[in-house]
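Beneath this line is the structure, given in structure tokens, with notes to follow.
All values reported here derive from a predicted model rather than from experimental measurement. Protein chains get the first letters and strands the later ones, always in sequence-line order, with residue 1 at the start of each. All values below come from the heavy atoms of this structure, side chains included, with hydrogens, waters and symmetry mates left out.
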Amino acid sequence: MSLVADLASRGLVQQVSDPAIDQRLAEMGAKRPIAAYAGFDPTADSLHVGNFVAIIGLMYAQRNGIRPIAIVGGATGLIGDPSGKAAERQLQTKETVARNVQGIRGVLERFLRFDDPKAPAQIVNNLDWFGAMSAIDFLRDVGKHFRIGSMLAKDSVRSRMEASEEGMSYTEFSYQLLQGFDFYRLYKDYGCVLQLGGSDQWGNITAGIDLIRKLEGEGGNALGLTMPLIATASGAKFGKSEGNAVWLTADRTKPFDFYQFWLRTEDADVARYLRYFTFLPLEEIDALLAEHVKSPEKRLAQKRLADEMTRLVHGAAAAEQAVAASGTLYGGGVEQLDAAAVEALAGQGVATITVLRAKLEGGWLVVDAAVEAGLAKSKGEARRLIAQGGLYVNNVVVTDASLALGAGQLVAGAAIVLRGGKKNYRLIRVA
RNA sequence: GGGCGUGUACCGAAGUGGUCAAACGGGACGGACUGUAAAUCCGUUGGCUUAGCCUUCGUUGGUUCGAAUCCAACCGCGCCCA
């Protein structure tokens, strides 16, 4: 058993509840099949790269023959985890949460094997046990085992009470009971002996470990492990691109944009990310980094990272297409585009809008085009972009805000490549 | 239930009758330099048919020639007392 050793070698262990987790897992695993779990908040119908660390944790568990369980918090999502949050969460409707649970299930199915003969993955919705539980039962059976003192001492509570003006509602205060009880149920019914989570989850994880010990007595022995919260070397939040989260599904973040996100990783981060997120052997990563240090301008490490990640998340075909599209758009190949290449770009996950030919022939203002393509939120913003020299049609700077696009700008008679800034490409095709 | 306080643009935070589309900081975005990096520098950051007009300062209503600023009620939030 080398789950913790594996994770540690990748720099993915922040804190452990027991220094000998691997050994303990081996002992328990010898007697019966064991499982490990991580929770996912259904705040959206998809997961983003910020959730990826937890997924990686489960993937390593599965590789070690431990059944990975993902809890999709249909119940806890209705409450809102205060950990790491400065402000009270906006409550979601039950319908929204139910829909999000479905979406997240779909994402997880791509990373965990559900048909693994030895350690099949499983998705569990904690609404299964909370949905039917009455408030009275909850207070008697769960609440009784929690002491206010230790609840107040949790970092997630203290920081809100002391540091922030926000305070905290009773609803969020009780979150740790819910997550603690999740762990207990999984421990009892699914043989789940280990909980994984981001470092902000420590308080919630220990709440579960304590609850299991109290309810199960001597035999109750659950384990917890937290993984580091990922931040960029320059201190920015990880996983945002142009202010938006980078998602793991193509409908929210195009494979091309996903590839580009990783490709733009700064030097100071690329080594960590390769270790964290890819399954490349460490020796190979070291060799790659040695190359990278010699000639950083080649961005070999970033290219490899982007390729591996896109491959892992969107598949080999999408990755190859993203590489090809990047070559075309950033290699200055826009002028040489032909109809086939345009077709390819669209297929390669470059965000595309389609307009009627008549619109183009009627003289379509670039300003309007930029807004419709999603490069600017308003015409004013589009005009500002132009004034600053940040809008390009077919890689040529637009200098006149009153410019109208026409059929003449169509590359190979098929499409116009619109670019905002360095990073945002849109393909406009005619129907 | 009572007292005190608070609610401003993405976030933090000034402004307390006109000169306020609203200082400043952060973030974000654009440009320059580079390596689609970092750091640094410059610029932008409510909308529009842009020398002008329109909509914003918790909500609604009022006072006033004129309100983010004054008044009333309501809503949200914080702290304290019960």
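Regarding A:Asp269, its CG atom lies at a distance of 20 Å from the P atom of B:rG35, rounded to whole Å. The separation between A:Lys298 atom NZ and B:rU36 atom P is 14 Å, rounded to whole Å. Rounded to an integer number of Å, the gap from CZ of A:Arg264 to P of B:rU36 is 12 Å. Look at CZ on A:Phe258: it is 17 Å from C1' on B:rU36, rounded to the nearest Å. In this entry the distance linking CG of A:Asp267 with P of B:rG35 reads 12 Å, nearest Å. Regarding A:Asn424, its CG atom lies at a distance of 10 Å from the P atom of B:rG31, rounded to whole Å. Look at CE on A:Met161: it is 10 Å from C1' on B:rC79, rounded to the nearest Å. Atoms CD (A:Glu381) and C1' (B:rC48) sit 14 Å apart, rounded to a whole Å.
Of the listed residues (A:Phe277, A:Phe279, A:Phe111), just one forms a ring-ring contact (aromatic ring centres under 6.0 Å, His included) with A:Tyr60, and that residue is A:Phe279.
At the heavy-atom level, A:Leu263 lies under 4.0 Å from base atoms of the strands shown. Across all strands, A:Gly380 comes closer than 4.0 Å to base atoms (heavy-atom distances). Note on A:Glu297: a base of the nucleic acid sits closer than 4.0 angstrom, heavy atoms only.
Distance alone, capped at 3.5 Å, places no donor-acceptor pair between the A:Arg99 side chain and the A:Ala44 backbone. Judged by distance alone, the side chain of A:Thr328 and the main-chain N or O of A:Ala324 form a donor-acceptor pair under 3.5 Å. In this structure, the side chain of A:Arg299 engages the main chain of A:Leu263 through a donor-acceptor pair within 3.5 Å. Between the side chain of A:Arg110 and the main chain of A:Leu248, a donor-acceptor pair closer than 3.5 Å is present. Under the 3.5 Å distance criterion, the side-chain polar atoms of A:Thr226 are matched with a main-chain donor or acceptor of A:Gln15.
Nucleotide B:rG1: paired with B:rC81 (Watson-Crick or G-U wobble, both distances less than 3.5 Å). Here B:rC70 sits opposite B:rG62 as a Watson-Crick or G-U wobble pair (both hydrogen-bonding atom distances under 3.5 Å). Base pairing of B:rU45 is made with B:rG27, judged by Watson-Crick or G-U wobble geometry with both donor-acceptor distances under 3.5 Å. B:rA9 is unpaired under the criterion used here, namely a Watson-Crick or G-U wobble arrangement in which both key atom distances are under 3.5 Å. Base pairing analysis places B:rC20 opposite nothing; no Watson-Crick or G-U wobble pair with both distances below 3.5 Å involves it. Judged by Watson-Crick or G-U wobble contacts below 3.5 Å, the nucleotide B:rG35 has no partner.
Mapping A:Tyr259 and A:Gly421 onto RNA chain B via the closest heavy atom, the residue that lands nearer the 5' end is A:Gly421. Taking the nucleotide of RNA chain B with the nearest heavy atom to each of A:Leu391 and A:Pro296, the more 5' of the two is matched to A:Leu391.
The side chain of A:Lys422 sits closest to B:rC33 out of B:rG43, B:rU50, B:rC33. Closest to the side chain of A:Gln260, from the set B:rU36, B:rU44, B:rU50, is B:rU36. Relative to the side chain of A:Glu266, the nucleotides B:rG35, B:rA37, B:rU44 differ in distance, and B:rA37 lies closest.
OP1 or OP2 of B:rG47 lies within a sub-4.0 Å distance of a side-chain N or O belonging to A:Arg384. Not one side-chain nitrogen or oxygen of A:Tyr392 sits closer than 4.0 Å to the OP1 or OP2 atom of B:rG30.
Side-chain contact, A:Gln179 with A:Thr76: no donor N or O sits under 3.5 Å from an acceptor N or O. Residues A:Ser2 and A:Asp22 bring no donor and acceptor atom of their side chains to less than 3.5 Å of each other. Using modelled atom types, one finds a donor on one side chain and an acceptor on the other under 3.5 Å when comparing A:Asp267 with A:Gln302. Side-chain atoms of A:Asp400 and A:Ser402 form a donor-acceptor pair, as typed in the model, at a separation below 3.5 Å.
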Could you list the protein-to-nucleotides 22-27 of chain B atom pairs, N/O on both sides, closer than 3.5 Å?
none

Please report the C-alpha distance between A:Gln201 and A:Asn204 in whole Å, then the side-chain angles of each, then the deciding distance to 0.1 Å, and finally whether the side chain to side chain donor-acceptor pair (under 3.5 Å) criterion is met. CA-CA 5 Å; A:Gln201 291 299 310; A:Asn204 290 333; 3.2 Å; yes
Take A:Asn395 and A:Arg419, measure what side chain to side chain donor-acceptor pair (under 3.5 Å) needs, and give me the verdict at the end. CA-CA 7 Å; A:Asn395 274 357; A:Arg419 168 152 74 96; 3.1 Å; yes
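Remark: A:Ser378, A:Lys379 in residues 364-379 of chain A come within less than 4.0 Å of RNA chain B through at least one heavy atom. Remark: A:Arg299, A:Gln302, A:Ser326 in residues 299-326 of chain A come within less than 4.0 Å of RNA chain B through at least one heavy atom.
The aromatic rings of A:Trp262 and A:Phe238 lie tilted to each other, with the angle between the two planes from 30° to 60°.
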